[in-house]
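For reference, the structure discussed in these notes is given below.
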Number of protein chains: 2
Amino acid sequence: MENEDHDKRKCPMHLSTGECSQRLLPVKDALDVLSGKWKLQIILSLTFGKKRFKQIQREIPGLTPKMLSKELKELEINELAVRHVYDSLPVSIEYELTPYGRTLQPLITELHNWGTKHRKRIIAGSKKAMKK
Amino acid sequence: MENEDHDKRKCPMHLSTGECSQRLLPVKDALDVLSGKWKLQIILSLTFGKKRFKQIQREIPGLTPKMLSKELKELEINELAVRHVYDSLPVSIEYELTPYGRTLQPLITELHNWGTKHRKRIIAGSKKAMKK
DNA sequence: TATACCGGTTTCCTAAAGGAAACTAGTACC
DNA sequence: GGTACTAGTTTCCTTTAGGAAACCGGTATA
(Lines give C-alpha, C1' and ligand atoms only; values in the text may rest on other atoms or scores of the structure.)
Protein backbone atom coordinates (compact mmCIF):
# COMPACT_ATOMS: atom_id res chain seq x y z
CA MET A 1 0.00 0.00 0.00
CA GLU A 2 2.65 2.49 0.93
CA ASN A 3 6.08 2.31 -0.52
CA GLU A 4 9.26 2.19 1.46
CA ASP A 5 10.04 5.86 1.28
CA HIS A 6 6.87 6.79 3.04
CA ASP A 7 7.23 4.46 5.94
CA LYS A 8 10.86 4.82 6.70
CA ARG A 9 10.91 8.59 6.55
CA LYS A 10 13.85 8.61 4.28
CA CYS A 11 14.87 10.78 1.41
CA PRO A 12 15.25 8.70 -1.68
CA MET A 13 18.90 8.02 -2.42
CA HIS A 14 19.16 6.59 1.09
CA LEU A 15 19.52 9.78 3.04
CA SER A 16 17.70 9.98 6.34
CA THR A 17 15.84 13.11 7.30
CA GLY A 18 18.68 14.02 9.63
CA GLU A 19 21.24 13.58 6.88
CA CYS A 20 19.21 15.81 4.59
CA SER A 21 19.05 18.49 7.25
CA GLN A 22 22.82 18.28 7.58
CA ARG A 23 23.24 18.92 3.88
CA LEU A 24 21.11 22.01 4.11
CA LEU A 25 23.31 23.71 6.70
CA PRO A 26 25.99 25.02 4.32
CA VAL A 27 23.31 26.38 1.99
CA LYS A 28 21.70 28.16 4.89
CA ASP A 29 25.04 29.67 5.88
CA ALA A 30 25.72 30.90 2.37
CA LEU A 31 22.25 32.37 2.15
CA ASP A 32 22.72 34.25 5.42
CA VAL A 33 25.65 36.20 4.01
CA LEU A 34 24.22 36.71 0.57
CA SER A 35 20.67 37.64 1.52
CA GLY A 36 19.21 41.00 0.66
CA LYS A 37 17.83 42.39 -2.52
CA TRP A 38 21.07 43.94 -3.73
CA LYS A 39 24.00 42.03 -2.28
CA LEU A 40 24.65 39.65 -5.13
CA GLN A 41 24.22 42.37 -7.71
CA ILE A 42 26.74 44.52 -5.86
CA ILE A 43 29.16 41.63 -5.68
CA LEU A 44 28.71 40.99 -9.39
CA SER A 45 29.36 44.63 -10.09
CA LEU A 46 32.57 44.43 -8.06
CA THR A 47 33.76 41.33 -9.90
CA PHE A 48 34.36 43.67 -12.84
CA GLY A 49 36.84 45.61 -10.73
CA LYS A 50 37.16 48.34 -8.12
CA LYS A 51 34.26 50.71 -8.02
CA ARG A 52 33.34 54.03 -6.46
CA PHE A 53 30.13 54.46 -4.53
CA LYS A 54 28.27 56.45 -7.15
CA GLN A 55 29.56 54.23 -9.89
CA ILE A 56 27.97 51.18 -8.29
CA GLN A 57 24.79 53.11 -7.72
CA ARG A 58 24.63 54.16 -11.37
CA GLU A 59 25.11 50.59 -12.51
CA ILE A 60 22.35 49.08 -10.44
CA PRO A 61 19.06 50.71 -11.34
CA GLY A 62 16.81 51.40 -8.39
CA LEU A 63 19.52 51.07 -5.78
CA THR A 64 19.30 53.92 -3.26
CA PRO A 65 22.34 55.33 -1.45
CA LYS A 66 20.90 54.16 1.85
CA MET A 67 20.66 50.55 0.76
CA LEU A 68 24.01 50.62 -1.00
CA SER A 69 25.66 51.98 2.12
CA LYS A 70 24.02 49.33 4.28
CA GLU A 71 24.84 46.43 2.00
CA LEU A 72 28.46 47.53 1.53
CA LYS A 73 28.88 47.62 5.30
CA GLU A 74 27.58 44.09 5.58
CA LEU A 75 29.93 42.94 2.84
CA GLU A 76 32.79 44.52 4.76
CA ILE A 77 31.76 42.86 8.01
CA ASN A 78 31.72 39.50 6.26
CA GLU A 79 35.12 40.24 4.73
CA LEU A 80 33.82 39.95 1.21
CA ALA A 81 34.66 43.53 0.26
CA VAL A 82 37.07 46.27 1.38
CA ARG A 83 36.78 50.00 1.38
CA HIS A 84 39.84 51.86 0.19
CA VAL A 85 40.31 55.53 1.00
CA TYR A 86 42.85 57.27 -1.19
CA ASP A 87 43.90 60.53 0.39
CA SER A 88 44.13 62.43 -2.82
CA LEU A 89 42.32 65.74 -2.97
CA PRO A 90 39.44 65.31 -3.02
CA VAL A 91 39.58 61.96 -1.30
CA SER A 92 38.46 59.18 -3.53
CA ILE A 93 36.96 56.03 -2.16
CA GLU A 94 36.84 52.69 -3.86
CA TYR A 95 35.28 49.37 -3.01
CA GLU A 96 36.86 46.12 -4.00
CA LEU A 97 36.25 42.43 -3.50
CA THR A 98 38.62 40.74 -1.10
CA PRO A 99 40.31 37.52 -2.19
CA TYR A 100 37.67 35.78 -0.12
CA GLY A 101 34.95 37.71 -1.90
CA ARG A 102 36.43 36.56 -5.18
CA THR A 103 35.86 32.94 -4.17
CA LEU A 104 32.21 33.70 -4.92
CA GLN A 105 33.06 33.98 -8.60
CA PRO A 106 31.94 30.46 -9.61
CA LEU A 107 28.67 30.93 -7.77
CA ILE A 108 28.05 34.30 -9.41
CA THR A 109 28.89 32.79 -12.78
CA GLU A 110 26.36 30.03 -12.27
CA LEU A 111 23.76 32.52 -11.14
CA HIS A 112 24.44 34.57 -14.23
CA ASN A 113 24.27 31.55 -16.50
CA TRP A 114 21.04 30.30 -15.09
CA GLY A 115 19.59 33.79 -15.01
CA THR A 116 20.39 34.26 -18.68
CA LYS A 117 18.55 31.09 -19.66
CA HIS A 118 15.70 31.92 -17.34
CA ARG A 119 15.41 35.41 -18.79
CA LYS A 120 15.04 33.96 -22.26
CA ARG A 121 12.38 31.62 -21.00
CA ILE A 122 10.43 34.44 -19.37
CA ILE A 123 10.59 36.60 -22.47
CA ALA A 124 9.56 33.71 -24.71
CA GLY A 125 6.70 32.99 -22.30
CA SER A 126 5.43 36.54 -22.29
CA LYS A 127 5.52 36.69 -26.10
CA LYS A 128 3.42 33.55 -26.22
CA ALA A 129 0.98 35.15 -23.80
CA MET A 130 0.77 38.21 -26.04
CA LYS A 131 -0.27 36.15 -29.06
CA LYS A 132 -3.23 34.63 -27.30
CA MET B 1 45.05 63.82 -11.10
CA GLU B 2 42.20 61.48 -11.70
CA ASN B 3 42.70 58.29 -13.56
CA GLU B 4 40.80 57.26 -16.65
CA ASP B 5 38.28 55.12 -14.89
CA HIS B 6 37.00 57.97 -12.84
CA ASP B 7 36.56 60.37 -15.70
CA LYS B 8 35.07 58.13 -18.27
CA ARG B 9 32.65 56.47 -15.91
CA LYS B 10 33.71 53.05 -16.97
CA CYS B 11 33.99 49.80 -15.20
CA PRO B 12 37.52 48.52 -15.41
CA MET B 13 37.77 45.84 -18.04
CA HIS B 14 36.31 48.32 -20.48
CA LEU B 15 32.66 47.94 -19.66
CA SER B 16 30.58 51.06 -19.62
CA THR B 17 28.07 51.66 -16.87
CA GLY B 18 25.29 50.68 -19.24
CA GLU B 19 27.03 47.46 -20.16
CA CYS B 20 27.46 46.61 -16.49
CA SER B 21 23.76 47.20 -15.87
CA GLN B 22 23.00 44.85 -18.74
CA ARG B 23 25.05 42.12 -17.14
CA LEU B 24 23.15 42.50 -13.91
CA LEU B 25 19.77 41.81 -15.48
CA PRO B 26 20.03 38.02 -15.60
CA VAL B 27 21.20 37.93 -12.00
CA LYS B 28 18.24 40.04 -10.98
CA ASP B 29 15.90 37.68 -12.82
CA ALA B 30 17.38 34.64 -11.13
CA LEU B 31 17.13 36.31 -7.76
CA ASP B 32 13.49 37.14 -8.29
CA VAL B 33 12.56 33.48 -8.61
CA LEU B 34 14.88 32.22 -5.92
CA SER B 35 14.25 34.85 -3.27
CA GLY B 36 12.77 33.95 0.08
CA LYS B 37 14.26 32.45 3.15
CA TRP B 38 13.43 28.87 2.29
CA LYS B 39 13.20 28.49 -1.47
CA LEU B 40 16.73 27.32 -2.18
CA GLN B 41 16.69 24.98 0.77
CA ILE B 42 13.44 23.47 -0.46
CA ILE B 43 14.89 23.06 -3.94
CA LEU B 44 17.97 21.44 -2.50
CA SER B 45 15.79 19.10 -0.50
CA LEU B 46 13.92 18.17 -3.67
CA THR B 47 17.14 17.49 -5.59
CA PHE B 48 17.40 14.37 -3.43
CA GLY B 49 14.13 13.12 -4.87
CA LYS B 50 10.37 13.36 -4.56
CA LYS B 51 9.18 14.46 -1.19
CA ARG B 52 5.97 14.71 0.77
CA PHE B 53 4.91 17.89 2.50
CA LYS B 54 5.68 16.79 6.03
CA GLN B 55 8.89 15.18 4.92
CA ILE B 56 10.23 18.47 3.60
CA GLN B 57 9.09 20.21 6.72
CA ARG B 58 10.89 17.72 8.93
CA GLU B 59 14.09 18.14 6.94
CA ILE B 60 14.24 21.90 7.13
CA PRO B 61 14.36 22.96 10.76
CA GLY B 62 12.25 26.00 11.54
CA LEU B 63 10.18 25.83 8.41
CA THR B 64 6.50 26.34 9.22
CA PRO B 65 3.67 24.78 7.18
CA LYS B 66 2.50 28.23 6.17
CA MET B 67 5.84 29.17 4.63
CA LEU B 68 6.35 25.78 3.06
CA SER B 69 2.94 25.97 1.44
CA LYS B 70 3.62 29.46 0.15
CA GLU B 71 7.05 28.70 -1.21
CA LEU B 72 5.92 25.49 -2.89
CA LYS B 73 3.17 27.42 -4.66
CA GLU B 74 5.69 29.91 -5.96
CA LEU B 75 7.93 27.11 -7.16
CA GLU B 76 4.94 25.64 -9.00
CA ILE B 77 4.06 28.99 -10.58
CA ASN B 78 7.61 29.31 -11.84
CA GLU B 79 7.52 25.74 -13.12
CA LEU B 80 10.40 24.66 -10.96
CA ALA B 81 8.40 22.04 -9.07
CA VAL B 82 5.27 19.96 -9.58
CA ARG B 83 2.71 18.67 -7.18
CA HIS B 84 1.65 15.09 -7.73
CA VAL B 85 -1.55 13.77 -6.25
CA TYR B 86 -1.76 10.00 -6.07
CA ASP B 87 -5.32 8.87 -5.53
CA SER B 88 -4.44 6.04 -3.27
CA LEU B 89 -6.33 5.82 -0.01
CA PRO B 90 -5.47 8.00 1.77
CA VAL B 91 -4.33 10.29 -0.99
CA SER B 92 -0.63 10.84 -0.95
CA ILE B 93 0.90 13.99 -2.31
CA GLU B 94 4.43 14.40 -3.50
CA TYR B 95 6.48 17.31 -4.73
CA GLU B 96 9.12 16.92 -7.35
CA LEU B 97 11.47 19.16 -9.28
CA THR B 98 10.55 19.65 -12.91
CA PRO B 99 13.23 19.10 -15.56
CA TYR B 100 13.50 22.88 -15.59
CA GLY B 101 13.90 22.94 -11.83
CA ARG B 102 16.68 20.41 -12.20
CA THR B 103 18.62 22.90 -14.34
CA LEU B 104 19.30 24.67 -11.05
CA GLN B 105 21.50 21.78 -9.98
CA PRO B 106 24.87 23.40 -10.88
CA LEU B 107 23.85 26.56 -9.07
CA ILE B 108 22.80 24.66 -5.98
CA THR B 109 26.02 22.69 -6.09
CA GLU B 110 28.05 25.89 -6.16
CA LEU B 111 26.00 27.32 -3.35
CA HIS B 112 26.61 24.18 -1.35
CA ASN B 113 30.33 24.22 -2.10
CA TRP B 114 30.79 27.82 -1.16
CA GLY B 115 28.59 27.42 1.88
CA THR B 116 30.66 24.50 3.08
CA LYS B 117 33.89 26.50 2.90
CA HIS B 118 32.22 29.51 4.43
CA ARG B 119 30.88 27.44 7.28
CA LYS B 120 34.37 26.22 8.10
CA ARG B 121 35.60 29.80 8.03
CA ILE B 122 32.89 30.95 10.39
CA ILE B 123 33.52 28.14 12.84
CA ALA B 124 37.30 28.72 12.71
CA GLY B 125 36.65 32.42 13.26
CA SER B 126 34.45 31.88 16.27
CA LYS B 127 37.01 29.52 17.82
CA LYS B 128 39.66 32.20 17.41
CA ALA B 129 37.36 34.70 19.08
CA MET B 130 36.88 32.29 21.99
CA LYS B 131 40.62 32.12 22.67
CA LYS B 132 41.01 35.86 23.05
C1' DT C 1 -14.38 7.08 20.96
C1' DA C 2 -9.77 9.08 21.51
C1' DT C 3 -5.54 9.99 19.48
C1' DA C 4 -2.40 10.78 15.77
C1' DC C 5 -0.97 11.45 11.11
C1' DC C 6 -1.39 14.10 6.55
C1' DG C 7 -1.74 18.42 3.91
C1' DG C 8 -2.51 22.18 4.42
C1' DT C 9 -5.33 27.18 5.66
C1' DT C 10 -6.41 31.09 8.52
C1' DT C 11 -5.67 34.64 11.76
C1' DC C 12 -3.04 37.63 14.28
C1' DC C 13 0.97 39.79 15.09
C1' DT C 14 5.91 41.76 14.95
C1' DA C 15 10.26 42.72 13.02
C1' DA C 16 12.76 43.71 9.29
C1' DA C 17 13.34 45.34 4.65
C1' DG C 18 13.24 48.80 1.86
C1' DG C 19 11.83 53.29 -0.59
C1' DA C 20 11.68 58.71 -0.93
C1' DA C 21 13.34 62.69 0.13
C1' DA C 22 15.93 65.83 2.52
C1' DC C 23 20.24 66.90 4.31
C1' DT C 24 25.44 67.12 5.37
C1' DA C 25 30.30 68.32 4.53
C1' DG C 26 33.91 68.70 1.50
C1' DT C 27 35.72 69.93 -3.15
C1' DA C 28 35.70 71.84 -7.64
C1' DC C 29 34.13 74.45 -11.64
C1' DC C 30 32.62 78.85 -13.61
C1' DG D 1 28.48 83.33 -5.03
C1' DG D 2 25.96 79.59 -7.48
C1' DT D 3 25.94 75.14 -9.14
C1' DA D 4 27.39 70.41 -9.23
C1' DC D 5 29.75 66.30 -7.86
C1' DT D 6 31.16 62.73 -4.15
C1' DA D 7 30.00 59.83 -0.28
C1' DG D 8 27.18 59.14 2.40
C1' DT D 9 23.50 59.82 6.71
C1' DT D 10 19.05 60.69 8.64
C1' DT D 11 14.18 60.68 9.01
C1' DC D 12 9.86 59.11 8.05
C1' DC D 13 7.03 55.96 6.20
C1' DT D 14 4.98 51.65 3.90
C1' DT D 15 5.34 47.12 2.56
C1' DT D 16 6.56 42.61 3.10
C1' DA D 17 8.33 38.71 5.22
C1' DG D 18 7.78 35.70 8.32
C1' DG D 19 6.64 33.40 12.93
C1' DA D 20 3.06 31.19 16.39
C1' DA D 21 -0.79 29.10 17.10
C1' DA D 22 -5.18 27.49 16.15
C1' DC D 23 -7.89 25.18 13.08
C1' DC D 24 -9.75 22.12 9.17
C1' DG D 25 -11.33 17.68 6.89
C1' DG D 26 -9.91 13.31 5.93
C1' DT D 27 -7.80 8.75 7.24
C1' DA D 28 -5.88 5.36 10.22
C1' DT D 29 -4.96 3.04 14.52
C1' DA D 30 -5.97 1.31 19.17
Side-chain angles (χ1 to χ4, degrees), chain A residues 1-3 5-10 17 28 31-42 45-46 50-77 81-96, chain B residues 1-11 17 28 31-42 45-46 50-77 81-96:
Chain A
M1 183 183 185
E2 298 191 5
N3 68 38
D5 290 339
H6 294 180
D7 281 331
K8 296 183 183 168
R9 294 197 175 174
K10 284 201 171 195
T17 296
K28 205 173 176 324
L31 259 30
D32 281 345
V33 192
L34 303 175
S35 68
K37 194 171 171 183
W38 306 104
K39 218 152 289 166
L40 278 163
Q41 291 183 75
I42 294 169
S45 162
L46 290 179
K50 288 182 195 171
K51 294 278 169 72
R52 304 182 67 166
F53 191 90
K54 287 284 167 182
Q55 201 173 1
I56 301 171
Q57 210 197 316
R58 272 194 302 268
E59 279 167 28
I60 306 180
L63 177 52
T64 60
K66 175 186 154 187
M67 289 313 293
L68 178 53
S69 173
K70 191 193 136 214
E71 303 273 56
L72 283 171
K73 274 173 192 160
E74 289 176 25
L75 292 178
E76 278 190 84
I77 287 167
V82 256
R83 184 178 185 262
H84 295 293
V85 182
Y86 301 102
D87 54 354
S88 53
L89 273 173
V91 287
S92 102
I93 292 164
E94 288 188 331
Y95 292 89
E96 190 183 11
Chain B
M1 183 184 185
E2 297 192 5
N3 68 38
E4 286 172 302
D5 289 339
H6 293 178
D7 282 329
K8 296 185 183 165
R9 291 193 177 177
K10 285 199 168 194
C11 308
T17 296
K28 206 175 174 325
L31 259 30
D32 281 346
V33 193
L34 304 175
S35 68
K37 194 172 172 184
W38 306 105
K39 218 152 290 165
L40 279 162
Q41 292 181 76
I42 293 169
S45 162
L46 290 178
K50 288 183 195 172
K51 295 277 168 74
R52 304 182 68 164
F53 192 90
K54 287 285 170 183
Q55 202 174 1
I56 301 171
Q57 211 198 317
R58 273 193 300 268
E59 278 168 30
I60 306 180
L63 176 53
T64 60
K66 174 188 156 188
M67 291 311 296
L68 178 52
S69 173
K70 191 194 138 213
E71 303 273 57
L72 283 171
K73 275 175 193 159
E74 290 177 23
L75 292 179
E76 278 191 86
I77 287 168
V82 256
R83 182 177 187 265
H84 295 292
V85 181
Y86 302 102
D87 55 354
S88 53
L89 270 173
V91 287
S92 101
I93 292 165
E94 288 188 330
Y95 292 90
E96 190 184 11

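A note on names: the letters A, B, ... follow the listed sequences, proteins ahead of strands, and every chain is numbered from 1.
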key: Nearest heavy-atom neighbours spanning A/Ser45 and A/Glu59   = OG-OE1, 2.9 Å
key: Partners meeting side chain to side chain contact (heavy atoms under 4.5 Å, CB included) with B/Lys66 (sequence neighbours left out)   = B/Thr64
inquiry  = If you assign each of A/Glu71 and B/Ser69 to its closest nucleotide in DNA chain C, which residue comes earlier from the 5' end?
reply    = B/Ser69
Check nucleotides 1-3 of chain D for protein N or O atoms closer than 3.5 Å to its own N or O atoms and list the pairs.
none

ask   = Taking all atoms of both residues into account, what is the closest heavy-atom pair of B/Leu40 and A/Leu31, and its distance?
value = CD1-CD1, 3.8 Å
ask   = Just wondering, do B/Lys39 and B/Glu74 contact through their side chains at under 4.5 Å, heavy atoms?
value = yes
task = Using atom CD1 of B/Ile42 as one end and atom P of D/dG18 as the other, report the distance to the nearest whole Å.
result = 11 Å
inquiry  = What I'd like to find out is whether the side chain of A/Tyr95 reaches to under 4.5 Å of the side chain of A/Leu46, using heavy atoms alone.
reply    = yes
query = If the sugar-phosphate is the primed atoms plus P, OP1 and OP2 and the base is the rest, what is the B/S/- string for nucleotides 19-25 of chain D, using protein heavy atoms under 4.0 Å?
reply = BB-----
inquiry  = Let's see if you can work this out: which of D/dA7, D/dT6, C/dA17 has an atom nearest to the side-chain heavy atoms of A/Arg58?
reply    = D/dT6
ask   = Expressed in angstrom and rounded to an integer, what is the separation of B/Lys70 atom NZ from C/dT11 atom C1'?
value = 16 Å
inquiry  = For A/Glu96, run the side-chain hydrogen bond (donor to acceptor under 3.5 Å, both in side chains) check against A/Arg83, A/Lys51, A/Lys50, A/His84 and tell me which one passes.
reply    = A/His84
query = Which distance, rounded to the nearest 0.5 Å, do you find between the CD of A/Glu71 and the CD1 of A/Ile60?
reply = 9.5 Å
Distance, rounded to the nearest Å, where B/Leu68 contributes CG and C/dT9 contributes C1' = 13 Å
ask   = B/Lys73 side chain N/O closer than 4.0 Å to the phosphate oxygens (OP1, OP2) of C/dG7?
value = no
key: Side chains of A/Lys73 and A/Lys70 in contact at under 4.5 Å (non-hydrogen atoms)   = no
message = If I take atom CZ in residue B/Phe53 and atom C1' in nucleotide C/dC5, what distance separates them, rounded to the nearest angstrom?
response = 14 Å
ask   = Is the shortest side-chain N/O distance from A/Arg83 to OP1 or OP2 of D/dA7 below 4.0 Å?
value = no
ask   = CD of B/Gln41 versus P of D/dG18: gap in Å, rounded?
value = 11 Å
inquiry  = Expressed as a whole number of angstroms, how long is the span from B/Ile93:CD1 to C/dC5:C1'?
reply    = 13 Å
ask   = Does B/Arg52 put a side-chain nitrogen or oxygen below 4.0 Å from OP1 or OP2 of C/dC6?
value = no
inquiry  = Please find the pair of heavy atoms, one from B/Phe53 and one from B/Leu72, that lie closest to each other, and give the distance.
reply    = CD1-CD1, 4.0 Å
query = How close or far is atom P of C/dC6 from atom OH of B/Tyr95, stated in whole angstroms?
reply = 14 Å
request  = Take atom CG of A/Asp87 and atom P of D/dA7, then tell me their distance rounded to the nearest Å.
outcome  = 15 Å
